[in-house]
Protein chains: 2
Amino acid sequence: MTLFCNTARAIPTMLYELYYWPDIQGRGEFVRLALEYADAKYVDVALVPEKKGGGVPALEKFLEGENVERPPFAPPFLKAGHQLIGQTANILFFLGGRLELAPRDAASKLWTHQLQLTIADFVVEIHDTHHPISNALYYEDQKPAAKRRAKDFVANRLPKFLGYFERVLERNRAGGPGMVGPRLTYADLSMAQVIAGLRYAFPSASREALRTRPRLRALDEHVFSEPKIKRYVASKRRLAFSNEDIFRRYRELDD
Amino acid sequence: MTLFCNTARAIPTMLYELYYWPDIQGRGEFVRLALEYADAKYVDVALVPEKKGGGVPALEKFLEGENVERPPFAPPFLKAGHQLIGQTANILFFLGGRLELAPRDAASKLWTHQLQLTIADFVVEIHDTHHPISNALYYEDQKPAAKRRAKDFVANRLPKFLGYFERVLERNRAGGPGMVGPRLTYADLSMAQVIAGLRYAFPSASREALRTRPRLRALDEHVFSEPKIKRYVASKRRLAFSNEDIFRRYRELDD
C-alpha cells in the first residue's frame, strides 16, 4: 500500500529543475540544501546558458508566460516531470516525501511542514529588518525605519523565534539531532541555514542569542558537518552570503 | 485504495477545537470560514468560559505549557483528536483533505496549498502597512513609516498580488468559480476574506485595483453568497472588521 500512496519513490532518478535567481542564495538556498543533502539530481536552471534554454529568461517564461496553467507567484519554483511547484515550504513538503527528508507518518509530516512555515515567517522578519518600507527602494532610502525595525527584531523577535526552536529541539523525544524524530529533516537544514545567515547578518546579536541555546548551536554544527553538506559548501555551487541577499550585514543594525 | 490513503474520511463527525484569540477575526478567520463552509462541528475554544476550560488560558496552556511535545509558535492552532496543528495554511491543508475543500489528486492539493501560502504572504504585507516597524508599538508610534509602506503597497504590491490571483482564476481550465478545479476550495474562501478585508481597509485603493479584476470580484460575490457562509456572516460568530485586527482602516494609508 505504501507503494501506491508514495508512487514517487518509484522514480528515484528523476532530474529536478530548480528555478531561482542566479547570484544570490535567497530562498532558493533552502531548496538547494535539501537537494544536495539527499544527493538528488538537479539542474539550477538560471545557471544554464541562455542559448541552452537557461538563464533568467527560463524563469521568466514560467512567471510571465501566458500559457502557464498554474503559474508561480515568484521564484523559487521546482519542475518535477510535468509538475511545477512554487513556494519554498511547499517545494520542501513535496521533496520531503520523495527524498526521505521528513518522517513518513502523516502527523509528523505536517509537524515538519509547520516548523518550515514558522522558519519562513522568521525569514520574512529577518529580511524586513533591512527593508521595512519597500523592496523597490534601496536600504539607504529606508535606514531610519530599518534601524528601528532591527532594534525591535534583536530585542524581541530574535529571542522569541530562537527560544521557540530551542524548545522544539529539547522536546523531540527521539533526542535529535534535529527537531523531528531521529533523523535530520529538510526543516533542520533550513534552520541551520538561518543560523548561518544570522551569524553573518547579526554577528553580535546572534552570538548573544545563541549563547543560551546550545541545541540550536549543536544542530547548526551537525548540519554543516554532514559530508554531503560539506561537499556542497566547499563547491562553487554554494554562493557566499552577501548584502544583496536576505541576510545582510549592516553594523548599525546589529546592536 | 483511496480509502487507505484518506483514512481521515472515516471520521466525519469529529469535533474540531479551534484555538485563536477572541475579539478579532485575525488569521483564525481563514480557518473559521473553512469549518463553517464545510459545516464541520467545531468549538472556538477562546469563547468557552474559563471555568469550563476555555478562554485565553486554554490557548496559553498549549503555547507555554512545558509538556506540549509539539508546541505551536502562535495561534491559530487546531486540535483534531490527539493531533495539534499550527500555522494557518497547514491547518487548511489538513482540513482540505478531511472536509473536501480541496481536490483529491496530489498535484492539485499542492497547487491549492501553494495559493494559500501566497495568500499568507499577501496577508503579511497587508498587515505590515500599519505595523512596518514593530507589533510591540502602537500604529501611532510608527505612522510615518506606515505611510511610506502603505504607499508602496498600494502602488506596487496590491496590483501585483491581485493581478496574479486574477490570472490564476482566468487560467483555471475548469472555468471556476474558484481558482482550482470546478469547486470552491479553502483557498477561495481565504481569497474572498482578503478581498473583504481590503475593501474595509483600503476602500479607495481596492475599488481601483478591483475595477480591472472582474474574476476576483465574482469570486468574492460567489463565496459570500454561499448559504453556509451567509449563515455564518449573519451569525454572532462572525466578528466585524476592526482597527485592532489585520485589516485596518486608516484614511491616510488609503491614497
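Heavy-atom basis, side chains included; hydrogens, waters and symmetry copies ignored. Labels below follow one simple rule: chain letters A, B, ... track the order of the sequence lines, proteins then strands, and each chain is numbered from 1. Here the structure is a predicted model, which is why all the values come from computation and not from measurement.
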Practice task
Please look at A:Q83 and chain B and tell me whether the side chain, the backbone, both or neither of the residue comes under 4.5 angstrom of a heavy atom of that chain.
Solution key: side chain
Fill in the blank from the handout: For B:A102 and B:T185, the nearest pair of non-hydrogen atoms, with its separation, is CA-CG2, 4.2 Å
Problem - Options B:A146, B:P144, B:P132, B:A145, ranked by heavy-atom pairs under 4.5 Å with chain A, top entry - result: B:P132
Handout entry: B:K61 charged N/C atom sitting above B:Y19 aromatic ring, 6.0 Å / 45°
Key = no
Completion exercise
Under 4.5 Å to a heavy atom of chain B? For A:N90 that would be both
Practice task
Report the option among B:M179, B:R149, B:Q114 that has the most heavy-atom pairs separated by less than 4.5 Å from atoms of chain A.
Solution key: B:Q114
Exercise for the section: Answer yes if the side chains of B:R70 and A:S108 hold a donor-acceptor pair under 3.5 Å, and no otherwise. Expected result: yes
Handout entry: Per-residue contact mode, A:Y164 against chain B (heavy atom under 4.5 angstrom)
Key = side chain
Exercise for the section: Please report the shortest heavy-atom distance between A:N156 and B:A136, naming the atom on each side. Expected result: ND2-CB, 4.3 Å
Fill in the blank from the handout: Residues A:F165 and A:L115: closest non-hydrogen pair is CE2-O, 4.1 Å
Fill in the blank from the handout: Residue from A:A89, A:G86, A:A120, A:A74 scoring the most non-hydrogen pairs under 4.5 Å with chain B is A:G86
Handout entry: Pick from A:K160, A:R171, A:R148 with the largest number of heavy-atom pairs that fall under 4.5 Å of chain B
Key = A:R171
Handout entry: Which atoms of B:F153 approach chain A - backbone, side chain, both or neither, heavy atom under 4.5 Å
Key = neither
Handout entry: Side-chain ion pair, A:E252 and A:K147, N-O less than 4.0 Å
Key = no
Exercise for the section: Return the option, out of B:T118, B:I133, B:N67, B:L137, with the maximum number of heavy-atom pairs under 4.5 Å with chain A. Expected result: B:I133
Practice task
Would you mind checking if B:R32 and B:E29 are paired as a salt bridge, meaning a charged N to carboxylate O distance below 4.0 Å?
Solution key: yes
Practice task
Would you mind checking which part of B:N172 comes under 4.5 Å of any heavy atom in chain A, side chain (CB onward), backbone (N, CA, C, O), both or neither?
Solution key: neither
Practice task
Would you check if there is a donor-acceptor pair between the side chains of B:Q193 and B:Q25 at a distance under 3.5 Å?
Solution key: yes
Exercise for the section: Find the one option among A:R173, A:H113, A:K151 whose heavy-atom pairs under 4.5 Å with chain B are most numerous. Expected result: A:R173
Exercise for the section: Sort out for me which of A:E66, A:Q87, A:E125 touches chain B most, counting heavy-atom pairs under 4.5 Å. Expected result: A:Q87
Practice task
Check each atom of A:P72 against the heavy atoms of chain B and say whether the ones under 4.5 Å are side chain, backbone, both or neither.
Solution key: both
Problem - Interatomic spacing from OG1 in A:T212 to CD in A:E166 - rounded to 0.5 Å - result: 7.5 Å
Completion exercise
Turns out that what part of A:V68 lies under 4.5 Å from chain B's heavy atoms comes down to both
Exercise for the section: Measure the shortest side-chain to side-chain distance between B:Y186 and B:F93 over non-hydrogen atoms and say whether it is less than 4.5 angstrom. Expected result: yes
Fill in the blank from the handout: Comparing B:L84, B:I85, B:L110 against chain A, the one with the most heavy-atom pairs below 4.5 Å turns out to be B:L110
